[in-house]
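First up is the structure itself, then whatever we jot down about it.
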There are 2 protein chains.
Amino acid sequence: MENRTNNEHQTLTKATNLDLPQNNFPVTQILKVIGGKWKILLISAIAEECPARFGELRKKMDGVSQAMLTTQLRELERDGIICRKAYAESPPRVEYKLTELGKTLINVIGVMRDWWQMYLENQENQIFPEVGFADL
Amino acid sequence: MENRTNNEHQTLTKATNLDLPQNNFPVTQILKVIGGKWKILLISAIAEECPARFGELRKKMDGVSQAMLTTQLRELERDGIICRKAYAESPPRVEYKLTELGKTLINVIGVMRDWWQMYLENQENQIFPEVGFADL
DNA sequence: CAGTATCCATTCGGATACTG
DNA sequence: CAGTATCCGAATGGATACTG
């Protein structure tokens with residue numbers, strides 16, 4: 001995610017909408033860091049088992065391709081959430097850890113997970129009963 | 001997003017991966033509810049001004065097309081986050097409000113926003129200094 | 001083992017035109 | 001005013017083959 005705030009005058013054939021004001025809202029931005037399909041899963045997995053190896057992560061994700069896993073890990077590394085250390089051995093070994101910054105995400109993910117749990121329970125038990133518009 | 005938990009035997013020409021286990025992780029699911037490009041923005045906007053009208057929301061989003069706005073609002077409604085009331089007037093008027101369930105999202109969004117703020121400050125001031133892998 | 005490179009399918013976001 | 005219908009390009013996700 002390069003800085004794209006100063007290229008309003010880019011010469012692309014079609015406006016790419018990258019510079020529209022709404023793209024600067026925090027909520028839009030944070031989803032670029034943690035919004036990848038596997039990223040929150042990866043962060044959680046690395047938090048659980050730290051350091052984590054590439055192969056272990058792949059098994060835990062169960063379904064992700066090598067290419068996707070590499071892409072997502074590289075983006076997390078670029079954004080300062082995880083760090084990567086490759087050992088020059090044979091066979092090669094690569095370990096991933098959360099950075100201090102990355103560790104602060106655990107709480108955020110926990111809040112999201114808790115909300116989802118509540119959401120599911122509400123679907124079953126109607127903690128928040130359905131109410132008409134006028135009652136809200 | 002219809003209920004797709006019971007269609008493992010769907011007859012699509014190619015497996016759609018909708019039923020893979022990882023799709024049942026909470027973190028993957030919650031992003032389906034709040035992960036749309038405009039959804040968190042919409043929730044925040046409706047929370048600020050409640051009820052909110054379609055036209056007002058469109059102005060605030062500044063850049064979203066009518067079609068997208070409608071889609072996102074419909075999905076939020078379907079997922080129980082907002083409710084919609086259309087007044088049979090001319091010209092027509094439609095108002096949106098957060099449901100009680102939707103209001104519980106405000107805190108979640110706040111946590112995400114706070115984290116992003118911290119993330120930006122860290123990029124500028126290095127609250128969390130860069131450290132080597134061995135130090136983590 | 002832990003990747004890259006390449007290609008393909010699907011999904012998402014958006015532009016435009018039309019409507020009650 | 002607040003939509004719906006249709007079409008399209010971009011972005012995302014994934015399968016497969018190859019590599020140090």
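These values consider heavy atoms only, across backbone and side chains, with no hydrogens, waters or symmetry-generated copies. Only a predicted model underlies this, so the values are computations on that prediction, with no experimental measurement involved.
Counting all heavy atoms, side chain and backbone alike, L98(A) lies closest to A47(A) at CD1-CB, 3.7 Å. Here the closest heavy-atom approach between residue L101(B) and residue F128(A) is recorded as CA-CD1, 3.9 Å.
Nearest nucleotide to the S65(A) side chain, out of dG14(D), dG20(D), dG14(C): dG14(D). The side chain of R93(B) lies closest to dA2(D), out of dG3(D), dA2(D), dG13(C). Taking only side-chain atoms of W38(A), from C-beta outward, the nucleotide of dA2(C), dG14(C), dG14(D) with the closest atom is dG14(D). Taking only side-chain atoms of Q66(A), from C-beta outward, the nucleotide of dT4(D), dA17(D), dG13(D) with the closest atom is dA17(D). Ranking dG13(C), dA2(C), dT4(C) by closeness to the K37(B) side chain, first place goes to dG13(C). When each of dG13(D), dA2(C), dA2(D) is scored by its nearest atom to the side-chain atoms of F54(A), the top-ranked nucleotide is dA2(C). The side chain of P92(B) has dG20(C) as its nearest neighbour among dA2(C), dG3(D), dG20(C).
Ionic pairing of E95(A) and R93(A) is present here: one or more N-O contacts between side-chain nitrogen and carboxylate oxygen are shorter than 4.0 angstrom.
When both pairing distances are held under 3.5 Å, dC1(C) makes a Watson-Crick or G-U pair with dG20(D). If you check dA10(D) for Watson-Crick or wobble pairing at under 3.5 angstrom, you find it paired to dT11(C).
Note on A67(A): a base of the nucleic acid sits closer than 4.0 angstrom, heavy atoms only. Residue contacts shown for Y87(A) are absent, as no nucleic acid heavy atom lies under 4.0 Å away.
Distance M68(B) CE to dT16(C) P: 16 Å, rounded to the nearest Å. The nearest whole Å value for the distance from the CG atom in L31(B) to the C1' atom in dC12(C) is 14 Å. Following rounding to the nearest Å, E75(B) (CD) and dC12(C) (C1') show an atom-to-atom distance of 10 Å. For the pair L41(A) CG and dG13(D) C1', the interatomic distance rounds to 15 Å; values are reported in whole Å. Atom CG of L69(A) is separated from atom P of dA2(C) by 10 Å (rounded to the nearest Å). Counting to the nearest Å, the C1' atom of dA2(C) and the CE atom of M61(A) are 16 Å from each other. We find that CD of E56(A) is positioned 13 Å from P of dG3(C), with the value rounded to whole Å. Across the protein-nucleic acid pair, L73(B) atom CG and dA2(D) atom P stand 11 Å apart, rounded to whole Å.
With E56(B) contributing its side chain and R53(B) its backbone, the two residues share a donor-acceptor pair below 3.5 Å. For D79(A) (side chain) and V33(A) (main-chain N/O), no donor-acceptor pair under 3.5 Å exists by modelled atom type.
Phosphate contact (OP1/OP2 of dA2(C), side-chain N/O of R84(A), threshold under 4.0 Å): absent. For R58(A), no side-chain nitrogen or oxygen approaches OP1 or OP2 of dG3(C) to under 4.0 Å.
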* **Full working for salt bridge (Lys or Arg N to Asp or Glu O under 4.0 Å) between E75(A) and K39(A)** => CA-CA 9 Å; E75(A) 288 180 9; K39(A) 287 187 182 174; 2.7 Å; yes

